[in-house]
Amino acid sequence: MEAKYHVCATCIHFLAERKEDGMVFTCNRLKYETKPTYKFDCWTPKEHVKKLMKKRGEFHE
């Protein structure tokens, strides 16, 4: 059921930085630019996402 949440923006490795020419989104683990809606197999959800998924019965460690 991770499909609902499994995007870069919900991953612990996702970084968003405001630059002079706009926002830059980077994967800190892969070390390259990404987009908030991209998906990769290495996804590790942020704590608040884990809590939401657990609350809805959609995440099991």
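The analysis underlying the following values was restricted to heavy atoms, covering all of them including side chains, and did not include hydrogens, waters or symmetry mates.
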Mind checking side chain to side chain donor-acceptor pair (under 3.5 Å) for Lys55 and listing every partner two or more places apart, or none if nothing turns up?
none

Lys51 side, atom NZ; Arg56 side, atom CZ - distance, nearest 0.5 Å:
15.0 Å

Value for SG (Cys8) from CZ (Phe14), rounded to nearest 0.5 Å, stands at 7.0 Å

Between side-chain atoms of residues 23-36 and protein atoms elsewhere (two or more places apart, or another chain), which donor-acceptor pairs fall under 3.5 Å?
from  : atom 1 : to    : atom 2 : distance (Å)
Asn28 : OD1    : Lys31 : NZ     : 3.2
Lys31 : NZ     : Asn28 : O      : 2.7

Candidate pair Lys46 and Thr10, rule side chain to side chain contact (heavy atoms under 4.5 Å, CB included), full reasoning:
CA-CA 6 Å; Lys46 294 177 180 178; Thr10 61; 5.6 Å; no

Please step through side chain to side chain contact (heavy atoms under 4.5 Å, CB included) for the pair Lys50 and His48, ending with a clear verdict.
CA-CA 5 Å; Lys50 283 184 187 178; His48 73 279; over 6 Å; no

So do the side chains of His13 and Trp43 get within less than 4.5 Å of each other, counting heavy atoms only?
no

